[in-house]
Amino acid sequence: MKFSCKDITELTSAYVDGKLSFIDRIHYRLHLFVCHNCRVYLDQFKAMLASFGKSRREPEAKQVDDLVARMMQERQSKDS
Amino acid sequence: MDERALIQQLLAGDQQAYRTVVRSYHGAMVSMARAIAGAAVADDIVQDAWIAVVRALPRFEGRSSLRTWILQIVGNTAKTRRRREQRSVAAGDAAEVEGIALAGRFQPDGHWQLPPAHWGASSPEQLLEQDQLKGVIDQAIEKLPESQRTVLTLCDIEGVDMEDVCKILEVSESNGRVLLHRARTRVWNEIDKFQRGETK
Ligand SMILES: [Zn+2]
């Protein structure tokens with residue numbers, strides 16, 4: 001087995017971001033095939049990343065209004 | 001929405017279009033400004049950057065995406081401000097690249113010593129549903145070393161391309177990827193500790 005469990009955890013971002021070489025990708029998958037703990041790790045890691053993607057916060061409405069008002073003002077001062 | 005249509009609306013002064021871009025990009029701009037010039041002046045910088053966007057928009061040539069272009073403007077605004085205040089650069093220093101987040105979790109031969117806990121909440125939705133767990137994740141992100149937090153926030157939360165983040169923060173893409181992986185691993189470890197019942 002080319003990769004240990006420790007190696008797998010170190011390569012997991014590269015794996016999910018598609019940055020592993022073809023060969024390393026195969027070795028990574030081979031390890032997962034035989035290792036339950038690392039499969040669990042990868043699933044949790046992916047779930048965590050998906051939760052990050054859903055946790056983006058937008059600015060509050062009041063702040064958006066203020067900024068847009070200021071930008072509109074800037075436009076007008078430029079036009080006149 | 002089609003980006004070219006959006007830009008036309010911005011040029012025409014459509015308030016709804018301005019609202020859309022502010023809602024979409026403001027958070028990423030604040031993270032970028034904070035990383036370059038510090039939290040104390042980040043909001044200020046982003047306000048200035050929005051005004052700069054309004055002024056420069058007629059000259060936007062569409063060679064990059066609108067978001068990339070806006071982030072470059074905030075990056076430049078923040079760097080000017082940093083030079084004025086002579087703040088030293090923190091992004092991407094070596095100490096933050098090194099360091100093992102999962103120390104003590106492996107046997108000498110590289111097998112798990114302390115394998116991943118069973119996570120009661122294991123889908124992305126469940127991770128966000130539980131207030132306490134959500135708090136653990138937010139806190140873990142806030143506690144990250146600055147450059148790790150910046151890269152994670154911009155790439156994984158705001159969805160900005162790694163390439164743009166690295167270019168504007170002036171770190172190599174390989175360093176950026178290491179920072180991102182360290183950050184993710186630390187947060188995973190904090191979630192795991194919580195699920196194991198080690199944190200309050
Ligand atoms: Zn394993």
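Every value quoted in this text rests on a predicted model; they were computed, and no experiment measured them.
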Side chain proximity check, [X] to [Y], heavy atoms < 4.5 angstrom:
{"X": "B:P124", "Y": "A:K54", "value": "yes"}
{"X": "A:F52", "Y": "B:I141", "value": "yes"}
{"X": "A:L49", "Y": "B:D156", "value": "yes"}
{"X": "A:M71", "Y": "B:V22", "value": "yes"}
{"X": "A:V40", "Y": "B:H118", "value": "no"}
{"X": "B:W50", "Y": "A:R70", "value": "no"}
{"X": "A:Q44", "Y": "B:I191", "value": "no"}

Of the listed residues (A:A69, A:S51, A:S4), which shares the most heavy-atom pairs with chain B below a 4.5 Å separation?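 Looking at each option in turn, the highest pair count goes to A:S51.
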Tell me which of these, A:L67, A:T12, A:D66, has more heavy-atom pairs under 4.5 Å with chain B than the rest.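 Looking at each of A:L67, A:T12, A:D66 in turn, A:L67 comes out on top.
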Checking heavy atoms, do the side chain of A:V68, its backbone, both or neither come under 4.5 Å from chain B?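 Interface part for A:V68: side chain.
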Test item: [X] side-chain N/O and [Y] main-chain N/O as donor-acceptor pair under 3.5 Å:
{"X": "A:E58", "Y": "B:Y25", "value": "no"}
{"X": "B:H181", "Y": "A:T9", "value": "yes"}
{"X": "A:R56", "Y": "B:T153", "value": "no"}

I need the [X] [atom1] to [Y] [atom2] distance, nearest 0.5 Å.
{"X": "B:L128", "Y": "A:S55", "atom1": "CG", "atom2": "OG", "result": "6.0 Å"}
{"X": "A:E10", "Y": "B:L102", "atom1": "CD", "atom2": "CG", "result": "8.0 Å"}
{"X": "B:Q107", "Y": "A:C5", "atom1": "CD", "atom2": "SG", "result": "8.5 Å"}
{"X": "A:S77", "Y": "B:R55", "atom1": "OG", "atom2": "CZ", "result": "7.0 Å"}
{"X": "A:C38", "Y": "B:W112", "atom1": "SG", "atom2": "CH2", "result": "6.0 Å"}
{"X": "A:M48", "Y": "B:E190", "atom1": "CE", "atom2": "CD", "result": "11.5 Å"}

Parallel, tilted or perpendicular, as decided by the 30° and 60° cut-offs, for the rings of B:W188 and A:Y41: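 If you compare the ring of A:Y41 with that of B:W188, the planes turn out perpendicular.
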Counting only non-hydrogen atoms closer than 4.5 Å, does [X] touch chain A with its backbone (N, CA, C, O), its side chain (CB onward), both, or neither?
{"X": "B:L133", "value": "neither"}
{"X": "B:L127", "value": "side chain"}
{"X": "B:A121", "value": "neither"}
{"X": "B:Y18", "value": "both"}

Between B:L180, B:V187, B:V53, which shows the greatest number of heavy-atom pairs under 4.5 Å with chain A?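 Sorted descending by pairs with chain A, the first entry is B:V187.
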Residue among B:A28, B:S24, B:S123 with most heavy-atom pairs under 4.5 Å to chain A: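 Greatest number of close heavy-atom pairs with chain A: B:S24.
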May I ask you to list the residues sharing a hydrophobic cluster with A:M1, side-chain cutoff 4.5 Å, ordered by chain and number?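 A:M1 shares its hydrophobic cluster with A:F33, A:V34.
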Linked, directly or transitively: A:L30 and A:L42 (ILVMFWY side chains, under 4.5 Å):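 No, because A:L30 and A:L42 fall into different hydrophobic clusters, even though each may have its own neighbours under 4.5 Å.
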Tabulate, in ascending numerical order, the residues of residues 15-28 of chain A having at least one heavy atom closer than 4.5 Å to a heavy atom of chain B, or enter 'none'.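 Those residues of residues 15-28 of chain A which have a heavy atom under 4.5 Å from chain B are A:V16, A:D17, A:K19.
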If you measure from the Lys or Arg side-chain nitrogens to the Asp or Glu carboxylate oxygens, is any gap between B:D109 and A:K6 under 4.0 Å?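 Here B:D109 does not pair with A:K6 in a salt bridge, since their nearest N and O are not under 4.0 Å apart.
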Less than 3.5 Å apart, any donor N or O on the side chain of A:S13 or B:R184 sitting next to an acceptor on the other?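 A donor-acceptor contact under 3.5 Å links the two side chains.
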